[in-house]
Novice: 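Below is a structure I'd like to ask you about.
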Amino acid sequence: MKAPHSCVVVGAGLTGATAASVLARQGFHVRVHEQADVVGGHVRTEWIRGIPYEPHGAHIFHTFDSEIWQFVNEFTDFVPYRHRVTTRLRSHQLSWPLQRSELPQLEEWPEVERELSSLPPEPDTTNFETYCRSLMGDTLYGLCVRNYTLKQWGRAPDELSASVAVNRVELRDDGYRSLFRDPYQGWPERGYADLVEALIEPAEIHLGKPVTCADLTELTRPGEPVVITSALDDFFSGELGPLEWRGVRLESQFMPDVSLFQSSMVMNEPDLAVPWTRTIETKWALEKLHTTPGTVVMREYPGASAKHYPVPDSAGTNRALQASYEAKLAAYPRNPLVAAGRLATYSYINMDQAVRQGLAAARRVIEAH
Ligand SMILES: Cc1cc2nc3c(=O)[nH]c(=O)nc-3n(C[C@H](O)[C@H](O)[C@H](O)COP(=O)(O)OP(=O)(O)OC[C@H]3O[C@@H](n4cnc5c(N)ncnc54)[C@H](O)[C@@H]3O)c2cc1C
């Protein structure tokens with residue numbers, strides 16, 4: 001008798017849950033192994049007295065891809081939300097991305113204006129710092145970007161690749177105030193855990209134990225496909241050395257008598273004297289709660305050991321190490337191994353890309369079968 005299709009997924013974040021969801025619905029018996037004691041990975045909403053907060057950082061779903069938007073809406077209900085960020089500069093609260101129309105209020109406006117009038121036609125992509133300085137001039141860069149970047153990355157901005165700034169640092173003159181321009185944007189009304197749990201529901205789930213390559217002989221049959229969404233240095237027990245990551249730590253505070261604490265969901269704090277990089281108030285995503293008393297404010301501190309942001313150094317060292325791990329993965333003889341998601345690909349990806357990678361991983365498993 002023919003054995004039923006089966007496969008293993010390592011990691012129950014959005015990528016792993018998407019792959020597991022598609023494969024299970026295609027008739028595969030899917031076993032998911034997650035090291036944490038809950039599913040959801042980096043996108044897990046928590047609630048205090050009906051007020052949402054995200055202990056792993058603010059998450060707004062935004063995409064240009066109608067197929068992905070339709071896919072996630074099949075699993076949970078999204079409410080419309082257009083994300084706004086503000087940056088604090090002394091007594092000023094400026095829109096982020098910066099808007100030219102707001103800059104004349106700055107005491108430094110005469111220098112800023114002079115610098116803006118002599119910018120090069122295209123930004124200089126040598127590194128993060130050259131990119132930003134050529135985009136907005138030295139003064140504005142020094143006031144709003146340099147120190148925030150130092151805090152967030154813990155290294156000089158000229159040691160970072162320009163790719164960190166492209167599409168993230170902008171100077172706008174069109175008055176468009178939302179952070180994202182994607183046509184599809186929203187926030188899941190019951191939080192992200194609801195989405196991930198709905199996706200992963202038909203799979204068999206094992207929680208609380210990390211999986212490495214050494215475990216595959218026990219956990220899988222020879223030839224059984226494995227979707228890996230964990231970091232490859234973890235998966236190979238650091239055999240080629242550790243990959244470098246930058247992590248954040250969030251401290252949450254529930255304020256029972258406050259309805260809304262700040263003027264937008266995210267407030268950036270570029271001042272080096274402030275130890276956190278930004279404050280986040282997730283409640284902004286659910287308009288129906290705005291007048292309800294009680295809110296949760298999270299302060300995001302940089303420099304935690306968590307694997308949140310891969311470090312794109314301008315020398316390319318970290319990418320090269322990742323490529324060596326990918327070669328090792330491709331050469332693994334016993335099982336077809338498919339890497340997907342932010343950890344396994346050592347890349348910063350948004351949630352829509354995580355879903356896209358989960359779908360692609362499932363397709364590869366189905367095709368291999
Ligand atoms: C601070 C921050 C804010 C963000 N904000 C946004 C946003 O606003 N909008 C947006 O679209 N995207 C945002 N993102 C990106 C988003 O978080 C990712 O796209 C998404 O979480 C990727 O999902 P994933 O499944 O690939 O990774 P993860 O969510 O990290 O899931 C990987 C899972 O694998 C598990 N795991 C790891 N190692 C092992 C192992 N050895 N064995 C078993 N299990 C293991 C982990 O515990 C985890 O559950 C943000 C990211 C950060 C860091």
Side-chain angles (χ1 to χ4, degrees), residues 54-58 83-100 102-116 123-124 126-172 179 244-253 261-281 297-315 318 348:
E54 295 182 80
H56 305 293
H83 188 42
R84 286 190 169 200
V85 178
T86 309
T87 197
R88 197 192 307 278
L89 187 59
R90 302 183 298 260
S91 62
H92 305 285
Q93 292 194 7
L94 302 175
S95 301
W96 183 264
L98 297 167
Q99 296 279 353
R100 270 176 193 258
E102 295 176 16
L103 301 179
Q105 64 182 293
L106 298 178
E107 294 75 357
E108 296 84 354
W109 171 240
E111 297 135 78
V112 171
E113 188 179 31
R114 197 169 355 96
E115 289 168 10
L116 291 181
D124 173 349
T126 308
N127 58 53
F128 179 94
E129 182 162 276
T130 59
Y131 183 91
C132 298
R133 289 171 62 178
S134 58
L135 187 81
M136 59 178 64
D138 288 357
T139 304
L140 215 44
Y141 167 70
L143 288 171
C144 299
V145 181
R146 186 179 161 278
N147 291 346
Y148 185 91
T149 308
L150 269 173
K151 276 205 281 190
Q152 171 155 15
W153 290 94
R155 58 168 63 201
D158 63 0
E159 292 173 26
L160 289 169
S161 154
S163 65
V164 179
V166 178
N167 297 330
R168 288 206 189 91
V169 181
E170 279 181 72
L171 177 59
R172 291 186 182 167
L179 183 62
E244 187 183 8
W245 294 83
R246 188 79 178 155
V248 296
R249 176 178 64 82
L250 282 104
E251 282 183 12
S252 309
Q253 181 183 355
F261 173 77
Q262 59 190 28
S263 59
S264 56
M265 187 196 281
V266 171
M267 174 76 72
N268 289 344
E269 299 282 0
D271 188 343
L272 278 182
V274 177
W276 55 90
T277 44
R278 49 186 177 172
T279 46
I280 300 159
E281 190 176 21
V297 173
M298 296 172 295
R299 295 197 167 84
E300 187 175 302
Y301 291 84
S305 59
K307 292 182 164 167
H308 285 151
Y309 298 98
V311 181
D313 58 310
S314 48
N318 297 330
Y348 182 89

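Residue numbers count from 1 along this sequence.
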Novice: Taking all non-hydrogen atoms of both residues, which atom of Ser263 and which atom of Thr86 are closest, and how far apart?
Specialist: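 The answer is OG-OG1, 3.8 Å.
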
Novice: Any chance you could lay out the side-chain contact (heavy atoms from CB on, under 4.5 Å) test for Arg88 and Val274, step after step, and finish with the verdict?
Specialist: CA-CA 11 Å; Arg88 197 192 307 278; Val274 177; over 6 Å; no

Novice: Going by heavy atoms in the side chains, are Leu116 and Leu103 under 4.5 Å from each other?
Specialist: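 Leu116 reaches Leu103 side chain to side chain.
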
Novice: Please report the interatomic distance CG(Leu140) to CH2(Trp109), rounded to the nearest 0.5 Å.
Specialist: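 Leu140 atom CG to Trp109 atom CH2 measures 9.0 Å (nearest 0.5 Å).
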
Novice: Once rounded to the nearest 0.5 Å, what's the spacing between atom OG of Ser252 and atom CD of Glu281?
Specialist: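 Answer rounded to 0.5 Å: 12.0 Å.
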
Novice: Pairs of donor and acceptor atoms involving the side chains of residues 244-251, under 3.5 Å and at least two apart or interchain, shall be tabulated with distances.
Specialist:
residue	atom	partner	partner atom	Å
Glu244	OE1	Arg155	NH2	3.2
Glu244	OE1	Asn318	ND2	3.0
Glu244	OE2	Arg155	NH2	2.7
Arg246	NE	Gln152	O	2.6
Arg246	NE	Trp153	O	3.4
Arg246	NH2	Lys151	O	3.1
Arg249	NH1	Glu251	OE2	2.7

Novice: Look up atom OG in Ser95 and atom CZ in Arg84, then write down how far apart they are to the nearest 0.5 Å.
Specialist: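 Spacing of OG (Ser95) from CZ (Arg84) equals 7.0 Å.
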
Novice: What do the steps show when you test Glu269 against Arg278 for side-chain contact (heavy atoms from CB on, under 4.5 Å), and what is the final call?
Specialist: CA-CA 5 Å; Glu269 299 282 0; Arg278 49 186 177 172; 5.6 Å; no

Novice: Atom OG1 in Thr130, atom OH in Tyr141: separation rounded to 0.5 Å?
Specialist: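 Nearest 0.5 Å value for the OG1-OH distance: 9.0 Å.
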
Novice: Short question: side chain of Thr277, backbone of Pro302 - any donor-acceptor pair under 3.5 Å?
Specialist: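 Looks like no, no N/O pair under 3.5 Å.
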
Novice: Would you mind listing every salt bridge (Lys or Arg N to Asp or Glu O under 4.0 Å) that reaches into residues 128-149, with sequence neighbours excluded?
Specialist: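 Every pair satisfying salt bridge (Lys or Arg N to Asp or Glu O under 4.0 Å) with a residue in residues 128-149: Glu129-Arg133, Arg133-Asp138.
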
Novice: Name the orientation class of the two ring planes belonging to Trp276 and Tyr301 (parallel below 30°, tilted from 30 to 60°, perpendicular beyond 60°).
Specialist: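 Perpendicular, since the angle between the ring planes exceeds 60°.
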
Novice: Holding to side-chain contact (heavy atoms from CB on, under 4.5 Å), I want the full list of residues that pass it with Glu170, two or more places apart in sequence or in another chain.
Specialist: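 Scan of Glu170 (side-chain contact (heavy atoms from CB on, under 4.5 Å), adjacent residues dropped) gives Pro97, Arg172, Arg181.
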
Novice: Which pair of heavy atoms, one from Ala273 and one from Pro275, lies closest together, and at what distance?
Specialist: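 Looking at all heavy atoms of both residues, the closest pair is O-CD, 3.6 Å.
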
Novice: Can you see which heavy atom on Phe128 is nearest to which on Pro157, and at what distance?
Specialist: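 Nearest heavy atoms, Phe128 then Pro157: CB-O, 3.2 Å.
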
Novice: Tell me every residue that passes salt bridge (Lys or Arg N to Asp or Glu O under 4.0 Å) with Glu54, counting only those two or more places apart in sequence or in another chain.
Specialist: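 Not a single residue meets the salt bridge (Lys or Arg N to Asp or Glu O under 4.0 Å) criterion with Glu54.
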
Novice: Check whether Ser134 reaches the backbone of Asp124 with its side chain - one donor and one acceptor, N or O, closer than 3.5 Å.
Specialist: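 Yes, the answer is positive, given that a donor and an acceptor are paired below the 3.5 Å cut-off.
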
Novice: Looking at side-chain heavy atoms only, is the closest gap between Thr139 and Leu106 below 4.5 Å?
Specialist: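 No - every pair of side-chain heavy atoms lies 4.5 Å or more apart.
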
Novice: Out of curiosity, Leu160 CG to Ser314 OG, how far, rounded to the nearest 0.5 Å?
Specialist: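 So the gap between those two atoms works out to 7.0 Å.
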
Novice: So which atom in Leu135 and which in Val169 form the shortest heavy-atom distance, rounded to 0.1 Å?
Specialist: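 For Leu135 and Val169, the tightest heavy-atom pair comes out as CD2-O, 3.4 Å.
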
Novice: Hey, could you give me the CD1/CE distance between Ile280 and Met267, rounded to the nearest 0.5 Å?
Specialist: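 Taking CD1 in Ile280 and CE in Met267, the distance rounds to 12.0 Å.
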
Novice: Using side chain to side chain donor-acceptor pair (under 3.5 Å) as the criterion, list what pairs up with Asp158, not counting sequence neighbours.
Specialist: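 Once residues adjacent in sequence are excluded, Asp158 has no partner under the side chain to side chain donor-acceptor pair (under 3.5 Å) criterion.
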
Novice: Verify side chain to side chain donor-acceptor pair (under 3.5 Å) between Gln262 and Thr279, making sure each step is shown before the conclusion.
Specialist: CA-CA 9 Å; Gln262 59 190 28; Thr279 46; 2.7 Å; yes

Novice: Using the salt bridge (Lys or Arg N to Asp or Glu O under 4.0 Å) criterion, which residues pair with Glu107? Sequence neighbours excluded.
Specialist: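 Counting only residues at least two positions away or on another chain, Glu107 forms a salt bridge (Lys or Arg N to Asp or Glu O under 4.0 Å) with Arg90.
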
Novice: Is any side-chain heavy atom of His92 closer than 4.5 Å to a side-chain heavy atom of Glu102?
Specialist: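 A side-chain contact is absent here, since even the closest heavy-atom pair is not under 4.5 Å.
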
Novice: Are Tyr348 and Arg168 close enough, and set up right, to give a side-chain contact (heavy atoms from CB on, under 4.5 Å), and what steps lead you there?
Specialist: CA-CA 12 Å; Tyr348 182 89; Arg168 288 206 189 91; 3.3 Å; yes

Novice: Kindly indicate, with the supporting measurements, whether the criterion side-chain contact (heavy atoms from CB on, under 4.5 Å) is fulfilled by Leu94 and Gln105.
Specialist: CA-CA 10 Å; Leu94 302 175; Gln105 64 182 293; 3.6 Å; yes

